[in-house]
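Let me begin by presenting the structure, written as structure tokens, before commenting on it.
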Number of protein chains: 2
Amino acid sequence: MDQTIIIADDHPLLLKGLKEFLNENGMNIIGEAPNGVQAMHLIETLKPDLAILDLEMPGMTGLEIAKHCQSKKLDTSIILLTLHKEVYIFHEAKNLNISGYLLKEFATEELLNCIQKVLSGQSYFSKKLLMNDAEDRNSLTGNLTPSEIKILRLIALGSSTKEIAEKLFIAERTVDKHRSNIINKLQLDKKHNALLIWAQKNKKIIF
Amino acid sequence: MDQTIIIADDHPLLLKGLKEFLNENGMNIIGEAPNGVQAMHLIETLKPDLAILDLEMPGMTGLEIAKHCQSKKLDTSIILLTLHKEVYIFHEAKNLNISGYLLKEFATEELLNCIQKVLSGQSYFSKKLLMNDAEDRNSLTGNLTPSEIKILRLIALGSSTKEIAEKLFIAERTVDKHRSNIINKLQLDKKHNALLIWAQKNKKIIF
DNA sequence: TGCGCCATACGTATTTACACCTATTTTATT
DNA sequence: AATAAAATAGGTGTAAATACGTATGGCGCA
């Protein structure tokens, strides 16, 4: 493998383990960073083929790095490593240049496979991230209609009513009405931002 | 160092990093385990001088292992590694045979120091765990005035401007002004609810 | 066929959140 | 004692979120 890789993680032991593991498997690691800001800098200066990033890092998360790369039109492929099952990332990944997403827990089992796929232009997302919490989800969002769920997700991602309307090509008032219905179905307080707060808190469930 | 060590962590990359790091520093690792149950088994069979354990592991947590060791009167010293600042462990440690407690985040910086102390019979608890998130907090909320922090906390708890004004016996406009100042200091997007979302996300830091 | 659910859309009104501005009083710090 | 910083308060304006209505077309199911 002559393709270049950088890695970033704020946990030094994990960074070390990752580096050793990749080296043992013949990968060409040209840079490593202990936080998101430095990782971004490495990507900009070294322009590696692949960046393997921790999702949660101080300064800049792996997700934010992906967004920056996209807006700066850098063609570094990105694999995210995460500790917890943040399923919502999977959905964001569609709009971003994220090619892989793995749990650290299973990293060695799947990492090589993932890297190979990504370096050959494909993408790889750990199935273990997808098949979970089906129960929680149903108990909470089972009553919601498909449109309502769509809107709820956009709210969770930080979109305003206006933005949602634009994205879904429907009227703001319609979105408004859906919000209202969602609030009723979830029996939220009739308080300002109650829906927003709920969506933020329950990100993991609604995706 | 001829004293024997076993290590356990459910994250394979971290376990690898830890092993390499300790080997490089001349430690004598006689066993490693990917979960708590196997770690306990290693301790019972190999009777190492020291066990370096992840706090959160499937099957048996580092804390449970410590309890077992105590009840079985094994004199293996125990160092716990943790990802998150679970300060409550520190208080439990007094009643258990836990000799060290470190954040993975700072592990390399302090780990050798900690191991030396523990192997020589002393104990070592990361100060970063005690004087809590003082750094994180300062880096993020250090510029904030006491009033601003008060208000930020109320926002995180879901209070509206009106409610905050009532609780603090000040005018709504004053609260408004503080919100504005907080947003500026934290350099948040000038977007609706940006402050609310930030406060929700960073609950752990501002309290 | 008709009933009900859903998505769509619009109107009106209220409450919040925030920007940008000024100004006074209190409290610290030097 | 003087200067700086913080807390307080207010004005004006915009955008957003929600409540509470009504209304229509589509679609499935009894």
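Each chain gets a letter, A, B and so on, in the order the sequences are listed, and its residues count up from 1.
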Using atom NE2 of His178(A) as one end and atom P of dT18(D) as the other, report the distance to the nearest whole Å.
15 Å

Does any donor atom in the side chain of Gln116(A) or Tyr124(A) lie under 3.5 Å from an acceptor atom in the other side chain?
no

Would you say the side-chain atoms of Asn28(A) and Thr4(A) include a donor-acceptor pair closer than 3.5 Å?
no

Taking Asn193(B) for its side chain and Leu196(B) for its backbone only, find out whether a donor-acceptor pair lies under 3.5 Å.
no

Heavy atoms of other groups near Lys162(B) NZ, more than 12 under 6.0 Å
no

For Thr161(B), the option from Glu166(B), His178(B), Arg179(B), Arg173(B) that meets side-chain hydrogen bond (donor to acceptor under 3.5 Å, both in side chains):
Arg179(B)

Between C1' of dT8(C) and CD1 of Ile164(A), the distance in whole Å:
16 Å

Can you check whether Glu172(B)'s main-chain N or O pairs, donor with acceptor, with Asp176(B)'s side chain at less than 3.5 Å?
no

Specify the separation, in whole Å, of atom CG of Leu152(A) and atom C1' of dA17(D).
15 Å

Mind checking whether Glu56(B) and Leu83(B) have side chains closer than 4.5 Å, heavy atoms only?
yes

Donor-acceptor pair, side chain of Glu20(A) and main chain of Gly17(A), under 3.5 angstrom
no

Once each nucleotide of nucleotides 11-21 of chain C is scored for protein heavy atoms under 4.0 Å, what B/S/- sequence comes out, 5' to 3'?
BB--BSBBSSB

How close or far is atom P of dT8(C) from atom CD of Glu148(A), stated in whole angstroms?
10 Å

Distance below 4.0 Å between Thr174(A) side-chain N/O and dC10(C) OP1 or OP2:
no

Can you give me the N/O atom pairs linking the protein to nucleotides 26-28 of chain C at distances under 3.5 Å, or say none if there are none?
none

